[in-house]
Amino acid sequence: MDRLRPEDPQRIGEYRLLGRLGEGGMGQVYLARSERGRTVAVKTIKRELAQEPDFRRRFSDEITAAQRVGDQWTAPVLDADTEAATPWVATGYIAGPSLHEVVGRDYGPLPERSVTLLANGLGHALRAIHGAGLVHRDLKPSNVLMTIDGPRVIDFGIARALEPGPGAGVTRTGATVGSPGFMAPEQVRGQRVTPASDIFCLGSLLAYAATGRTPFGALDSGVHILMFRIAEEAPDLSGVPDSLRQLITACLAKEPEERIGVERLLAATQPEAALHEPWLPGALVAQLGRHAVRLLDSENPVSRVDNPVLPRTEAAPPAPPAPPSGERTPRPSSDPVPPPGPPPPPAGQPQQSWPGGRPAPRPTPIPSPYSQPDGGPYQRGSGGWSPPGSPYGAPSTGAGTGSGSGGWRARKGPLGALAAAGLVLVVLAVVLLVRMGGGGSDTAIDDSYLGVWQGEYSSGDDEPRELRFEIAQGAEGELVGNALTLTPEILCAYDVRLDSFGDEGLGFTEESNWSVPEEQTSEACRDNNTVQTLRLSENGEEATWTYGEQQATLHRGPDRTDSAVPEDLVAGWKHEFTDSSDNEWSDVITIEQGAVGDQLLRYERTRRGSGEIECVWENKLVRVEGGQLTFGPDQLAETGEDATCRVYAAIRVRLKEDDRDTIQISWLDALGEDPAEHTRND
């Protein structure tokens, strides 16, 4: 959980905010407490979404339907204000890490038994969601929270509000419904989504839980490659246990009518007997105890400022119409297909009080766990996975609160209660001992490793990639720097945690910080618990980066500074052209001074003569290499009336040789093509 920021409110409705849980395509998520002391998660909706035509009606309809879903396998929808200037919804807070945190960072692939029980629990959740007339549309590991009583599904009943109404055109930039790697073929093709779509996503999710890999390729292999594989190719289920392979294959049928139904899935995963032991491995049970301790530390709002209050509003004034958005008009070069991504505000924009405009730009680096909640007490009893309404002690109706005649929960007496309490006490005792004993040794990193290391390499498909690591002094287990990794379409920013240091070099893991596009923070840019290494060369001027079978040679880069951009490039640069339809355009690039990670490039396209804005894009500085700058993928900042704006790949900018009044621009996915040129705009 992150601290509250100056632009955050102190209260939303009747809920007192404690901190930030994360951020996604729809808006910010806060940890909060009600006036009666209940811990909740409050999600606010971005103002630009709230201004979309018909959004509020769709959002209200979905909230009403979501409130009909029980709380046995989901985070219940408790409250909402769909008419506020900034709409919000409050759900029950689930105290547990997400499945993607468990598999991708903390533990690794789950045991076969745990995956089977995960499938059963998620089957119950989907039955309840579908029974309320909803389709989840975004069932992915970060939307499944792991508790000692079983999995819980979050963010159901909201995604559909992002879809445009009839005649509204394509889904807006940054609001794609579904996540690459966990979408159904019909979602990829833009066809009708049904409950069977959730079953396909469940199959991908179970394969990930069993192997640590998505069945259609790595999430960083490219959004459109991934979507093609989902729609056209068979899944890669290597490593999936034989007992689960048939079930997952039945979920992943390309045609919706050929997929297994929820009832058959529940029958196939029904436990033979009641559970008398936790459904998760002991190490994960201990992790839930650590979550409990962290939430106990969050009694008061973690903020250094006096924040405003966002009251409940009975009626909000009509929102001004949002400018149309969609696919991006090509720059004067190639026409790559963009990944979606909502833009953060430009560098230097002043912060605004809630609920005004866009939030202020995020400094680099700031811990920002976009994946799900980190911390919280147990919300149900422990000792086994048997929520009411599950097949472990109650009628398998998927709804209601009946206790049933069988199962451990129905038979649990004083001894069972004492055992459950003992388990919690043991877990908390272990956590407290770890906290008092400290973490990590005091072994320091050799000074020769400190500073900036950067370079580039090509992936297996010859896609160019860039790396930048900034290493500071620290001990094992501590954060010792940050990292930027760049592909043509995705920029990931991580915090670096020291795993070890010795003769083999510096070993580290990465914790997600921010990304472009923003939603990739919990996907391609998610936490990475696989140890990577940096090993210095004999001359100390190069370092070999190793990650599995991938390697790159890095060299020392310029130290971090607030004046990273060469002064000759800090200027405005202009290019005018006429397109094939005889439209006359003026493109102006403005490069500002600042640090790596800042938003320093602004690309503005206007109509010549009228000066009307067509599209405005912004880019973050990733690397400085001599006189060449690398900027991350585009973020669409502004769209003119009736304009069609796409987002493009990362770019490299440099002065033309022997001409300080001309810059050359190359897109990272088209380095073999002639660069575009802009001249100094005096």
Side-chain angles (χ1 to χ4, degrees), residues 173 328-336 338 341 343-349 361 466 486 488-489 491 516 563-579 583-640 643-671 673-682:
T173 301
R328 175 177 182 174
T329 303
R331 292 182 180 178
S333 60
S334 58
D335 187 15
Q349 177 173 317
E466 297 196 7
L486 177 69
E489 295 182 339
L491 170 61
V516 178
S563 303
V565 180
E567 286 298 330
D568 278 350
L569 288 169
V570 179
W573 306 87
K574 190 173 184 178
H575 172 73
E576 294 182 341
F577 68 101
T578 302
D579 64 20
N583 296 309
E584 295 183 334
W585 303 102
S586 176
D587 287 359
V588 174
I589 291 177
T590 303
I591 300 176
E592 299 178 348
Q593 189 59 270
V596 169
D598 288 348
Q599 198 117 313
L600 299 182
L601 185 145
R602 180 179 175 89
Y603 194 125
E604 184 175 299
R605 172 167 294 167
T606 58
R607 291 182 178 272
R608 286 169 58 187
S610 68
E612 294 178 3
I613 288 179
E614 182 80 358
C615 306
V616 177
W617 301 278
E618 294 168 344
N619 306 75
K620 291 179 180 289
L621 180 62
V622 177
R623 186 164 71 114
V624 180
E625 188 71 40
Q628 178 174 277
L629 308 178
T630 300
F631 291 91
D634 291 336
Q635 298 172 282
L636 187 60
E638 189 174 345
T639 304
T644 305
C645 302
R646 298 182 179 180
V647 290
Y648 273 63
I651 59 177
R652 291 175 179 170
V653 178
R654 62 189 177 276
L655 284 174
K656 186 176 182 179
E657 188 174 359
D658 298 326
D659 184 357
R660 64 179 300 274
D661 291 322
T662 303
I663 58 170
Q664 295 182 318
I665 304 168
S666 299
W667 279 262
L668 214 59
D669 59 352
L671 293 177
E673 299 182 7
D674 292 336
E677 294 188 349
H678 285 54
T679 57
R680 193 177 297 272
N681 186 27
D682 294 327

If you define the side chain from C-beta out and look only at heavy atoms, does anything of [X] sit under 4.5 Å from [Y]?
X    : Y    : value
H678 : D587 : yes
H575 : E677 : no
N681 : W573 : no
V616 : R602 : yes
L668 : R652 : yes
L601 : I651 : yes
V647 : L636 : yes
P675 : K656 : no

Rounded to the nearest 0.5 Å, what's the gap from [atom1] on [X] to [atom2] on [Y]? Could you check?
X    : Y    : atom1 : atom2 : answer
W617 : Y648 : CH2   : OH    : 7.5 Å
D661 : T679 : CG    : OG1   : 8.0 Å
Q635 : K620 : CD    : NZ    : 5.5 Å
E618 : E604 : CD    : CD    : 10.0 Å
L629 : L655 : CG    : CG    : 9.0 Å
I613 : R607 : CD1   : CZ    : 12.5 Å

Heavy-atom closest contact ([X] atom, [Y] atom, distance):
X    : Y    : result
F631 : A650 : O-CB, 3.1 Å
V622 : V596 : O-CG1, 3.3 Å
P633 : P488 : CG-O, 3.8 Å
S666 : L671 : CB-CD2, 4.0 Å

Keeping [X] on the side-chain end and [Y] on the backbone end, is there a donor-acceptor pair under 3.5 Å?
X    : Y    : value
Q593 : A564 : yes
N619 : G632 : yes
R680 : R660 : yes

* Are a donor atom and an acceptor atom from the side chains of Q664 and E657 found within less than 3.5 Å of each other? -> no
* List in chain and number order the residues that pass side chain to side chain contact (heavy atoms under 4.5 Å, CB included) with S586, two or more places apart in sequence or in another chain; answer none if no residue qualifies. => K574, E576, V588, T606, R608
